Amino acid sequence: MSNKKDVLVIGGGIVGICSAYYLWKDGHQVTLLDKGEVGDACSRGNAGLVVPSHFVPLAAPGMIKKGIKWMFNPESPFHIKPSLDPKLISWLWQFYRHTTNEHVENTKIILRDLNMMSRSLFKEFFESSEIDFNFEDKGLLMLYKTDKERKGEEAVAKMAHQIGIEANILSAEEAQALQPGLEIKTIGGVHYPKDAHLNPTEFINKLKDYLVQNGVQVHENTEVTRVRTQGGKVTHAYAGEKEFTADDFVIATGAYTSSLAKDLGVNLPVVSGKGYSITLNNPKHQMTVPSILCEAKIAVTPMADKLRFAGTMEITGQDLSVNQKRFGGLLKAIPDFLPQYPVEETRNNDVWSGLRPCSPDGLPFIGRFGKLKNLIAATGHSMMGVSLGPVTGKLVSEIVNEQQTSLSLTQITPDRYN
Ligand SMILES: Cc1cc2nc3c(=O)[nH]c(=O)nc-3n(C[C@H](O)[C@H](O)[C@H](O)COP(=O)(O)OP(=O)(O)OC[C@H]3O[C@@H](n4cnc5c(N)ncnc54)[C@H](O)[C@@H]3O)c2cc1C
């Protein structure tokens, strides 16, 4: 392409690495910086699900009531640490404002389209000879134990049909039949055949190696602590003694976005939603189709010779420590659904914690800023950063190319809170 640019991508999680890939593929000169190691933050121990089924944002009706109930249970899957931080209060207010049926109606199509396009891009990656990784499209199984949850999941499945997402309501026996290697305790399930899964670390590591071999400059342990702007543009990013310049800058810093955004003088309301996972090596009983244990809000994903359990959402700032009570609650809930996994079986495994970059409306921030013309946001993916990694990268590159984007950016513009 003729309009070749120098692009600096700040942040090497799934979103940053996918952005670097599509920018490189479109002929740009790409530099990727990460304050730690590429792929070592939230993009590492997550459940690895690619989720067209998740077209209902976290900010949905019923969330506030559930959230308040959970606040008083130290073992519940959701918690917000009370705080007088004006940023958190403003975020919570925005979140509350979006917990309406109208918001679900307004966002289901963009969430469907982003996820479906990303799924196709993952498949393209998988089928190309560029990188070799495991991508499995066996769908996602929602499993529930109560009538209340069944009704809620069946309503979502009905909505899915209306917007063209396949969803099959199953009896307990039919759900069990999809999981021949594992005993399931459930009253039924919904299977979304178009969902998929991967091991995010395998994907990111291989993509990083591939990009480095192809001339993308990757600087790890390089934290951008300061930026310079002039004349409505970003001119420099500084990491210690190092100084970086570029034509376009991409901010893909996940849950760590707020401080950099402040330095840039833009408002990106992203708070950290901490979650935990444990991964069993060579599990005695392997799951076939990734599942969500609905009442417990736990995702269970088979990853080749591993089985990963992931869950909880704690809004407690940028603190990665493990709350043993809440983590214990996660472990305790597993055997209610999967009786072959008593707590002892799961307890002695290393716990991973990660910070989801949560936006108040459940939509990512992707696009240029009105205020700083050469700054592009690629953050705020909340519970879907892996799923939306490739589509975000593709959109970022289209934005840099100054071409018509594959999807409209109106609802995901980073200026929507400015
Ligand atoms: C328990 C759990 C389960 C999950 N399951 C799923 C799932 O099944 N499917 C799904 O789609 N999503 C899932 N998610 C969410 C998903 O993990 C995140 O949305 C995604 O990883 C966010 O990617 P990211 O690239 O934006 O952020 P990150 O992976 O956090 O990457 C941001 C990077 O920016 C770097 N950085 C930050 N600030 C700076 C700076 N100033 N200078 C340089 N570098 C900087 C950081 O070091 C980091 O590497 C889950 C999350 C959790 C916690």
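Every number for a ligand or one of its atoms is a count from 1 in the order of the listing. Predicted model only: the values in this text are computed from it and were never measured.
Distances shorter than 4.0 angstrom occur between a heavy atom of Gly48 and an atom of ligand 1. Ligand 1 lies less than 4.0 angstrom from a heavy atom belonging to Thr222.
Close approach of ligand 1 to Ala41 is summarised as follows: ligand atoms under 4.0 Å from at least one heavy atom of the residue are 30 (O), 48 (C), 49 (O). Close contacts between ligand 1 and Tyr276 involve ligand atoms 1 (C) [criterion: under 4.0 Å to a heavy atom]. Within the listing of ligand 1, atoms 42 (N), 43 (C) sit less than 4.0 angstrom from a heavy atom of Ile10. Each of the atoms 10 (C), 11 (O), 12 (N) of ligand 1 lies under 4.0 Å from some heavy atom of Met384. Listed by number with element, the atoms of ligand 1 under 4.0 angstrom from any heavy atom of Gly275 are 1 (C), 53 (C). Heavy-atom contacts of Gly354 reach the following atoms of ligand 1: 53 (C) (cutoff under 4.0 Å). For ligand 1 and Val224, the ligand atoms under 4.0 Å from any heavy atom of the residue are 40 (C), 41 (N), 42 (N), 43 (C).
Residue contacts with ligand 1, taken as heavy atom pairs separated by less than 4.0 Å, involve Pro357 solely via side-chain atoms from C-beta onward. Contacts with ligand 1 closer than 4.0 Å are made by backbone heavy atoms (N, CA, C, O) of Met383 only, the side chain lying farther away. Only the backbone of Ala252 comes within contact range of ligand 1, with a heavy atom under 4.0 Å; no side-chain atom does.
Every N/O-N/O distance between Arg356 and ligand 1 stays at or above 3.5 Å. Distances between N or O atoms of Gly385 and those of ligand 1 include at least one value under 3.5 Å. Residue Ala47 has at least one N or O atom closer than 3.5 Å to an N or O atom of ligand 1. Considering backbone and side-chain N/O of Gly273, none are found under 3.5 Å from N/O of ligand 1. Residue Ile14 places at least one N or O, backbone or side chain, under 3.5 Å from an N or O of ligand 1. Among the atoms of Lys35, some N or O lies under 3.5 angstrom from an N or O of ligand 1. Considering backbone and side-chain N/O atoms, Leu355 never comes within less than 3.5 Å of an N/O atom of ligand 1. Considering both main-chain and side-chain atoms, Leu388 never comes within under 3.5 Å of ligand 1 through any nitrogen or oxygen pair. In terms of N/O distances under 3.5 Å, ligand 1 is approached by Asp34. Considering backbone and side-chain N/O atoms, Ala310 never comes within less than 3.5 Å of an N/O atom of ligand 1.
For Lys145 and Phe337, the positive end sits near the middle of the six-membered ring, less than 6.0 Å away and at most 45° from its axis. Remark: Lys35 qualifies as a cation-pi partner of Tyr256 under the 6.0 Å distance and 45° angle criteria applied to the six-membered ring.
Taking the six-membered ring wherever Trp is involved, the centroid distance between the rings of Phe125 and Tyr21 falls below 6.0 Å. Here Tyr96 and His98 keep their ring centres 6.0 angstrom or further from each other. For Phe244 and His219, the distance between ring centers is under 6.0 angstrom. Ring pair Tyr276/Phe309: centre-to-centre distance not below 6.0 Å.
Among protein heavy atoms, atom 27 (O) of ligand 1 sits closest to Gly254 CA, 3.6 Å. Among protein heavy atoms, atom 4 (C) of ligand 1 sits closest to Asn46 CB, 3.2 Å. Of all protein heavy atoms, the one lying nearest to atom 34 (O) of ligand 1 is Gly11 CA, 3.3 Å. At the shortest separation from atom 7 (C) of ligand 1 among protein heavy atoms lies Leu49 N, 3.5 Å. Scanning the protein heavy atoms around atom 11 (O) of ligand 1, the nearest turns out to be Ser387 N, 2.7 Å. Regarding atom 38 (N) of ligand 1, its nearest protein heavy-atom neighbour is Thr253 CG2, 3.4 Å.
Between atom 23 (O) of ligand 1 and the options Ser43, Ser272, Ser277, the minimum heavy-atom separation is to Ser43. Here atom 30 (O) of ligand 1 lies nearest to Cys42 when heavy atoms of Cys42, Gly13, Gly39 are compared. Residue nearest to atom 15 (C) of ligand 1, selected from Ala378, Ser382, Gly12: Ser382 (by heavy-atom distance).
Counted by atom type alone, Ser83 and Asp85 present zero donor-acceptor pairs between their side chains at under 3.5 Å. A side-chain donor-acceptor contact under 3.5 Å links Lys306 and Asn281. For the residue pair Thr107 / Gln411, no side-chain donor-acceptor distance below 3.5 Å is found, with atom types taken as modelled. Side-chain polar atoms of Thr186 and Gln176 form no donor-acceptor pair below 3.5 angstrom. Checked by atom type, the side-chain pair Tyr210/Asp132 shows no donor-acceptor distance below 3.5 Å.
A 4.5 Å side-chain heavy-atom check between Ile17 and Val38 finds at least one atom pair inside the cut-off.
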Ser118/Ser387 under side chain to side chain donor-acceptor pair (under 3.5 Å): CA gap, chis, key distance, verdict = CA-CA 7 Å; Ser118 218; Ser387 191; 5.7 Å; no
Is there a side chain to side chain donor-acceptor pair (under 3.5 Å) between Thr392 and His381 once you walk through the steps?
-> CA-CA 10 Å; Thr392 304; His381 293 73; 2.8 Å; yes
Residue pair His28, Asn401: steps toward the side chain to side chain donor-acceptor pair (under 3.5 Å) verdict | CA-CA 9 Å; His28 301 291; Asn401 298 343; 2.6 Å; yes
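Using a 4.0 Å cut-off between a side-chain N of Lys or Arg and a carboxylate O of Asp or Glu, Asp336 and Lys185 do not qualify as a salt bridge. Salt bridge Lys332/Glu75: present, at least one basic N to carboxylate O contact under 4.0 Å. Ionic pairing of Glu154 and Arg150 is present here: one or more N-O contacts between side-chain nitrogen and carboxylate oxygen are shorter than 4.0 angstrom.
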